Amino acid sequence: MRLFVALPFPEDVKNRLMKTGQELLASCRSANLTKKENLHLTLAFIGETNDHRSAIRALSGIEQSAFSLTLKGSGHFGDLYWVGVEKNEALLQLMKKTQTSLRTAGFPIEQRENIPHVTIARRVETDRPPKIAFDEITFPCHAFHLMVSERIGGKLTYRSLYRKDLTPLC
């Protein structure tokens with residue numbers, strides 16, 4: 001199974017991201033938009049493994065307080081279009097803890113710099129890169145999930161295998 005660790009989004013945030021994706025699609029020849037239910041922020045990519053129990057054990061030991069996250073700005077890496085994440089020390093700390101715990105458990109987590117972003121479309125075909133307008137939105141992050149990526153009926157589907165709650169703020 002193909003595993004990754006992700007922060008989920010509230011419905012209102014997913015709705016805003018989908019609106020941005022639809023606006024992008026209207027300004028280009030074609031694009032493969034991320035499905036609403038698949039929108040997330042990746043904390044760590046594990047890849048192919050059958051050992052999800054070790055991943056759950058590694059993630060269960062992570063302790064961190066809940067925090068707020070702000071999405072703002074946009075851009076693209078080639079034909080992949082994304083919405084940006086405002087610099088956030090709590091997010092970076094959670095990413096580091098997640099990746100370190102998984103490496104300690106024996107998972108080959110890449111050590112390259114990860115630029116936090118939310119993928120809204122892949123394989124965007126356009127004559128010139130369109131401008132994407134995404135107004136800033138801030139929301140609370142209360143948990144992260146171990147996710148499995150599967151093809152079901154030919155469609156990419158993400159499913160949560162484990163949820164780890166963050167410590168509530170007082």
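Since the structure is predicted, the reported quantities are computational estimates derived from the model, not experimental observations.
- Atom CZ of R53 is surrounded by 12 or fewer heavy atoms from other residues, nucleotides or ligands within 6.0 Å.
- Checked for salt-bridge contact, D127 and R29 meet the test: a charged N lies under 4.0 Å from a carboxylate O.
- In this structure a side-chain-to-backbone donor-acceptor pair under 3.5 Å is present from K164 to S60.
- Here the NZ-CG distance, from K155 to N38, works out to 10.5 Å after rounding to the nearest 0.5 Å.
- One distance of note links CG of L43 with CG of L94; it measures 5.0 Å at 0.5 Å rounding.
- Under the 4.5 Å side-chain heavy-atom criterion for grouping Ile, Leu, Val, Met, Phe, Trp and Tyr, F45 is not connected to I120 through any hydrophobic cluster.
- Considering CG of L39 and CZ of R16, their distance stands at 13.0 Å, rounded to 0.5 Å.
- Across all non-hydrogen atoms, the minimal contact from A133 to E23 is O-OE1, 4.1 Å.
- The OG atom of S149 sits 5.0 Å away from atom OH of Y158, with the distance rounded to the nearest 0.5 Å.
- Heavy-atom contacts from other residues, nucleotides or ligands closer than 6.0 Å to CZ of R163 number more than 12.
- Follow the hydrophobic side-chain contacts under 4.5 Å out from I132 and you never reach L33; the two are in separate clusters.
- Checked by atom type and distance alone, the side chain of R123 never pairs as donor or acceptor with a backbone atom of A31 at under 3.5 Å.
- Follow the hydrophobic side-chain contacts under 4.5 Å out from I46 and you reach Y162 in the same cluster.
- The environment of NZ in K19 is sparse: at most 12 heavy-atom neighbours from other residues, nucleotides or ligands sit within 6.0 Å.
- Listed here is the closest heavy atom pair of P8 and A143: CD-O, 3.5 Å.
- The shortest side-chain heavy-atom distance between Q99 and L102 does not fall under the 4.5 Å cut-off.
- Within the 4.5 Å cutoff, the side chain of M1 has heavy atoms near those of the V148 side chain.
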Practice item. Apply the test ring pair (Phe, Tyr, Trp, His ring centres under 6.0 Å) to residues F77 and H117: give CA-CA distance (whole Å), side-chain angles for both, the deciding distance (0.1 Å), then the verdict. Key: CA-CA 11 Å; F77 307 125; H117 65 279; 5.3 Å; yes
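- Checked by atom type and distance alone, the side chain of T126 pairs as donor or acceptor with a backbone atom of R128 at under 3.5 Å.
- When ring centroids are compared, H40 and F4 come within the 6.0 Å threshold.
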**Study point:** S54 and R57: CA distance, side-chain angles, deciding distance, side chain to side chain donor-acceptor pair (under 3.5 Å) verdict
**Key:** CA-CA 5 Å; S54 290; R57 279 192 298 278; 3.0 Å; yes
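- Using cut-offs of 30° and 60° for the angle between ring planes, the H76 and Y81 rings count as parallel.
- Follow the hydrophobic side-chain contacts under 4.5 Å out from M147 and you never reach L7; the two are in separate clusters.
- Partner of L41 under the side chain to side chain contact (heavy atoms under 4.5 Å, CB included) criterion, out of V83, L71, L91: L91 alone.
- Taken from CG in L59 to CG in L146, the straight-line distance is 6.0 Å, to the nearest 0.5 Å.
- Each of W82, F9, F134 was scored for a side chain to side chain contact (heavy atoms under 4.5 Å, CB included) with V118, with one residue passing: F9.
- For the atom pair M18 CE and T34 OG1, the distance stands at 8.0 Å (nearest 0.5 Å).
- Under a hydrophobic-cluster definition in which Ile, Leu, Val, Met, Phe, Trp and Tyr are linked whenever side-chain heavy atoms come within less than 4.5 Å, directly or via other members, L17 and L80 are assigned to different clusters.
- Within 6.0 Å of atom NZ in K96, 12 or fewer heavy atoms from other residues, nucleotides or ligands are found, so the atom counts as exposed in its surroundings.
- Using a 4.5 Å heavy-atom cutoff, the side chains of T70 and N88 are not in contact.
- Salt bridge status for E63 with K97: absent, with no side-chain N to carboxylate O gap under 4.0 Å.
- Contact of the E11 side chain with the K36 side chain is registered, since non-hydrogen atoms from C-beta on lie closer than 4.5 Å.
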